[in-house]
Amino acid sequence: MPGSAKAMTVATVGGLVLVTAYTVALGSNGWLWFSWVVLGLLTVGVVAARG
């Protein structure tokens with residue numbers, strides 16, 4: 001996995017952890033989850049394009 005795809009994967013997983021922690025601590029925020037889904041789709045696209 002090239003460096004950029006690996007960095008996006010790490011950012012996506014880190015974002016999931018942060019959004020989940022925010023949801024547990026302060027309640028759900030739809031925009032955070034929407035942003036995470038968009039980041040996840042972009043990551044999948046980059047990994048598929050590199051693969």
Side-chain angles (χ1 to χ4, degrees):
M1 183 181 303
S4 61
K6 191 173 200 178
M8 282 191 74
T9 303
V10 169
T12 301
V13 172
L16 176 61
V17 170
L18 290 174
V19 171
T20 303
Y22 181 93
T23 298
V24 168
L26 301 174
S28 184
N29 184 330
W31 284 110
L32 285 178
W33 285 104
F34 175 76
S35 299
W36 183 81
V37 168
V38 170
L39 179 61
L41 291 173
L42 288 171
T43 302
V44 169
V46 167
V47 169
R50 300 279 182 177

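Please read all numbers here as calculations on a predicted model, not as lab measurements. As a basis for the values below, the full set of heavy atoms in this structure was taken, side chains included, without hydrogen atoms, waters or symmetry mates.
- When hydrophobic clusters are built by joining Ile, Leu, Val, Met, Phe, Trp and Tyr residues whose side-chain heavy atoms come closer than 4.5 Å, directly or via intermediates, V37 is grouped together with L16.
- Between Y22 atom OH and L32 atom CG the span is 6.0 Å, to the nearest 0.5 Å.
- The side-chain hydrogen bond (donor to acceptor under 3.5 Å, both in side chains) test applied to S4 returns R50, not counting sequence neighbours.
- Minimum interatomic distance between V19 and W36 (heavy atoms only, all atoms of both residues): CG2-CB, 4.4 Å.
- Residues V46 and M8 approach most closely at CG2-SD, 3.6 Å, considering heavy atoms.
- Note on W31 and L42: same hydrophobic cluster, where clusters join Ile, Leu, Val, Met, Phe, Trp and Tyr whose side-chain heavy atoms are under 4.5 Å apart, directly or indirectly.
- For the pair G40 and T12, the tightest heavy-atom approach, listed with the atom from each and the gap, is CA-CG2, 3.9 Å.
- The hydrophobic cluster containing L41 does not contain V13, counting ILVMFWY residues as joined when their side-chain heavy atoms lie under 4.5 angstrom apart, directly or transitively.
- Rounded to the nearest 0.5 angstrom, T23 OG1 and W33 CH2 are separated by 5.0 Å.
- In this structure, the separation between CZ on F34 and CG on L39 is 12.0 Å, given to the nearest 0.5 Å.
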